Amino acid sequence: MADPPPDAEPDRVVSFRVVWEDDNNNIRVQRGWRVQNNNAIGPYKGGIRFHPSVTESVLKFLAFEQTFKNALTGLPMGGGKGGANFNPKGKSDNEVMRFCQSFMTELFRHIGADVDVPAGDIGVGGREIGYMFGQYKRITNQFTGVLTGKGLEYGGSLIRTEATGYGAVYFLENMLKTRGQDLAGKRALISGSGNVATHAAEKVTQLGGKVLTLSDSEGFIHDPEGITQEKIDWVKAHKTKRRGRISEYADEYTGATYHAGKRPWGVECDVALPCATQNELLGEDARALVGNGCMAVSEGANMPTDLDGVHVFKEAQILFAPGKAANAGGVAVSGLEMSQNSARMSWKEAELQQLLKDIMDGIHERASAYGRVSDSYIDYVKGANIAGFKKVADAMLAYGVV
Ligand code: NDP
Ligand code: 2IT
């Protein structure tokens with residue numbers, strides 16, 4: 001049998017045992033991984049995911065995608081991804097802290113500010129980054145920019161929390177502009193209710209759009225009156241402070257309905273932003289969206305649309321932004337956090353807001369340059385893949401056989 005294509009293989013996969021003690025004094029064991037996919041253009045860079053569905057295979061696809069996403073940002077970052085099959089749901093703060101500390105006790109020897117710089121992803125937010133950074137600092141006695149998404153008090157960057165969701169909406173705006181449109185008055189479907197979804201909702205609302213849905217792994221809420229900033233703030237607090245479920249939104253706001261076990265894609269809309277997880281928008285969902293007149297889809301999540309769905313969007317020639325282009329704002333501001341840490345400085349919010357916008361414009365330009373099919377259609381999937389790949393491939397060729 002022929003060898004597999006050599007460059008689809010990650011540089012390195014580290015797999016380790018994570019042992020921790022729960023509040024009932026049971027000894028628990030999880031598996032942790034870090035996939036270091038490619039460091040041709042910079043240190044490995046990418047998030048850490050804590051979710052029971054995490055496997056080595058999932059992290060390999062995420063690290064592969066991350067490599068080309070990071071190249072697209074124009075910043076010097078390689079690609080990686082890590083995580084564990086740990087379920088933070090229902091765990092106490094102390095349990096999460098003990099797990100994070102144990103995870104870092106294994107991971108610390110494989111990462112470093114110039115080696116590999118993890119960040120958050122599903123199930124890993126400010127709380128988890130704090131516990132992991134604290135443990136890294138304790139073990140190594142070094143205060144370096146080894147993680148991004150840190151708290152503002154200890155080397156974090158303004159705008160990092162908002163960057164992924166905001167960036168996905170900036171990309172959506174750029175796509176709409178190619179058809180002489182903007183977000184004003186547009187009805188938006190958003191899935192998820194975590195970091196990416198709530199900040200995407202916030203930016204859509206700020207730009208005059210009306211967000212109709214949010215979801216979690218158990219169902220979605222439909223609010224025909226629109227999910228306003230006040231309601232978004234409630235969802236943020238509900239998910240991060242109270243660790244609640246999205247179903248409770250319909251108890252709080254009585255104009256809204258909750259649909260258990262369903263995804264939002266059947267609701268009539270103008271634009272859609274899948275912001276929860278991979279494979280959450282299938283062919284049949286894509287057909288429903290196109291059938292209802294949806295004109296643009298911007299992926300806040302990584303690979304939320306399955307291959308069948310991608311084909312439906314391409315055939316209909318609607319505006320479709322793959323995650324590696326649309327959600328790159330998060331890792332881009334992580335790159336800016338690394339720069340600030342190296343310079344031991346903190347940049348101002350207005351400056352970072354502008355940089356995020358400029359970076360998203362740059363990604364749109366690069367993806368358009370390689371993706372233009374005709375005067376009226378840009379294939380952003382093709383464009384983003386080629387633009388991201390070319391930079392990494394050119395760097396690898398420059399190194400010779402290494
Ligand atoms: P969060 O943990 O903050 O939120 C995840 C959301 O997605 C929750 O609402 C969660 O619901 C839902 N979700 C998770 N797993 C599933 C599932 N199997 N089926 C349905 N819903 C699910 O994560 P983020 O917002 O950070 O991440 C969301 C997506 O965005 C992921 O694909 C991530 O890789 C991607 N991304 C994140 C970036 C970041 O900066 N955070 C950057 C770029 C991409 P529940 O509460 O029920 O689990
Ligand atoms: O998928 C992603 O781009 C992220 N989870 C963010 C990675 C990062 O290093 O900020």
Side-chain angles (χ1 to χ4, degrees), residues 42-54 58-59 61-70 72-73 75 77-83 87-90 111 116-129 145-150 156-157 159-168 190-201 214-221 235-236 238-240 243-247 249 261-264 273-281 299-305 322-338:
Y44 301 108
K45 179 85 196 87
I48 290 180
R49 179 178 291 190
F50 290 164
H51 194 271
S53 66
V54 167
V58 167
L59 297 176
F61 109 71
L62 288 165
F64 184 80
E65 283 288 289
Q66 193 82 46
T67 300
F68 304 110
K69 179 198 302 192
N70 294 2
L72 273 173
T73 65
L75 299 174
M77 300 181 289
K81 197 88 186 189
N87 187 359
K89 281 200 196 95
I111 61 176
D116 183 353
V117 182
D121 194 77
I122 292 177
V124 177
R127 173 180 64 167
E128 291 75 17
I129 293 289
V146 68
L147 298 179
T148 61
K150 300 186 290 299
S157 175
I159 306 303
R160 175 62 191 89
T161 309
E162 297 86 353
T164 310
Y166 282 16
I190 297 182
S191 65
S193 45
N195 172 276
V196 181
T198 52
H199 292 102
L214 287 171
S215 73
D216 62 22
S217 50
E218 290 166 82
F220 80 93
I221 54 103
V235 174
K236 282 186 189 172
H238 186 62
K239 294 292 279 193
T240 58
R243 308 268 158 197
R245 308 304 303 156
I246 201 66
S247 59
Y249 181 103
K262 297 229 161 61
R263 294 190 290 251
L273 293 119
C275 296
T277 192
Q278 65 270 10
N279 298 326
E280 55 156 327
L281 198 165
E299 292 189 334
N302 285 307
M303 282 204 169
T305 311
K324 71 167 72 63
N327 71 36
V331 74
V333 176
S334 277
L336 303 179
E337 182 172 332
M338 289 166 72

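Quick caveat: nothing in here was measured; it's all calculated off a predicted structure. Indexing begins at 1, ligand by ligand and atom by atom, following the structure's order.
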Donor-acceptor contact below 3.5 Å, side chain [X] vs main chain [Y]:
X: T67; Y: G78; result: no
X: E299; Y: G323; result: yes
X: K45; Y: V117; result: yes
X: E128; Y: G125; result: yes

Would you compute the distance between atom [atom1] of [X] and atom [atom2] of [Y] and round it to the nearest 0.5 angstrom?
X: L59; Y: R49; atom1: CG; atom2: CZ; answer: 7.5 Å
X: I129; Y: I48; atom1: CD1; atom2: CD1; answer: 6.0 Å
X: L336; Y: R160; atom1: CG; atom2: CZ; answer: 10.0 Å
X: D216; Y: S247; atom1: CG; atom2: OG; answer: 7.0 Å
X: M77; Y: Q66; atom1: CE; atom2: CD; answer: 8.0 Å

Just list the N/O pairs, ligand 1 to protein, that are under 3.5 Å apart, with the distance for each.
residue: ligand 1; atom: 2 (O); partner: G123; partner atom: N; Å: 2.9
residue: ligand 1; atom: 3 (O); partner: N195; partner atom: N; Å: 2.9
residue: ligand 1; atom: 9 (O); partner: S193; partner atom: N; Å: 2.9
residue: ligand 1; atom: 9 (O); partner: S193; partner atom: OG; Å: 3.2
residue: ligand 1; atom: 11 (O); partner: S217; partner atom: N; Å: 3.4
residue: ligand 1; atom: 25 (O); partner: N195; partner atom: N; Å: 3.2
residue: ligand 1; atom: 25 (O); partner: V196; partner atom: N; Å: 3.0
residue: ligand 1; atom: 32 (O); partner: N302; partner atom: N; Å: 3.2
residue: ligand 1; atom: 34 (O); partner: R49; partner atom: NH2; Å: 2.9
residue: ligand 1; atom: 34 (O); partner: D121; partner atom: OD1; Å: 2.7
residue: ligand 1; atom: 34 (O); partner: D121; partner atom: OD2; Å: 3.2
residue: ligand 1; atom: 34 (O); partner: N302; partner atom: ND2; Å: 2.8
residue: ligand 1; atom: 40 (O); partner: R160; partner atom: NH1; Å: 3.4
residue: ligand 1; atom: 40 (O); partner: R160; partner atom: NH2; Å: 2.9
residue: ligand 1; atom: 40 (O); partner: T164; partner atom: OG1; Å: 2.8
residue: ligand 1; atom: 46 (O); partner: K239; partner atom: NZ; Å: 3.1
residue: ligand 1; atom: 46 (O); partner: R245; partner atom: NH1; Å: 3.2
residue: ligand 1; atom: 47 (O); partner: S217; partner atom: N; Å: 2.9
residue: ligand 1; atom: 47 (O); partner: S217; partner atom: OG; Å: 2.4
residue: ligand 1; atom: 47 (O); partner: R245; partner atom: NH1; Å: 3.4
residue: ligand 1; atom: 47 (O); partner: R245; partner atom: NH2; Å: 2.5
residue: ligand 1; atom: 48 (O); partner: K89; partner atom: NZ; Å: 2.9

Closest protein heavy atom to [atom], given as residue, atom name and distance to 0.1 Å:
atom: atom 5 (N) of ligand 2; result: D121 OD1, 2.9 Å
atom: atom 7 (C) of ligand 2; result: G47 N, 3.5 Å
atom: atom 10 (O) of ligand 2; result: S334 OG, 2.6 Å

**Item:** N/O separation below 3.5 Å, A119 to ligand 2
**Value:** no
**Fill in**
Min over R160, K69, K45, K81 of heavy-atom distance to atom 6 (C) of ligand 2 lands on R160
**Item:** Lys/Arg-Asp/Glu bridge criterion (N-O < 4.0 Å) met for E280, R263
**Value:**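 No salt bridge links E280 with R263.
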**Message:** Under 4.0 Å from a heavy atom of N302: which atoms of ligand 2 are those, numbered in the order shown and with their elements?
**Reply:**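 This gives 1 (O) as the contact atoms.
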**Request:** Considering the heavy atoms of G46, write down every atom of ligand 2 situated less than 4.0 Å from one of them.
**Result:**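 Taking each heavy atom of G46 in turn, ligand 2 has 7 (C), 9 (O) under 4.0 Å.
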**Asked** So is G120 close enough to ligand 2, meaning a heavy atom under 4.0 angstrom away?
**Response**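 Flag set, G120 near ligand 2.
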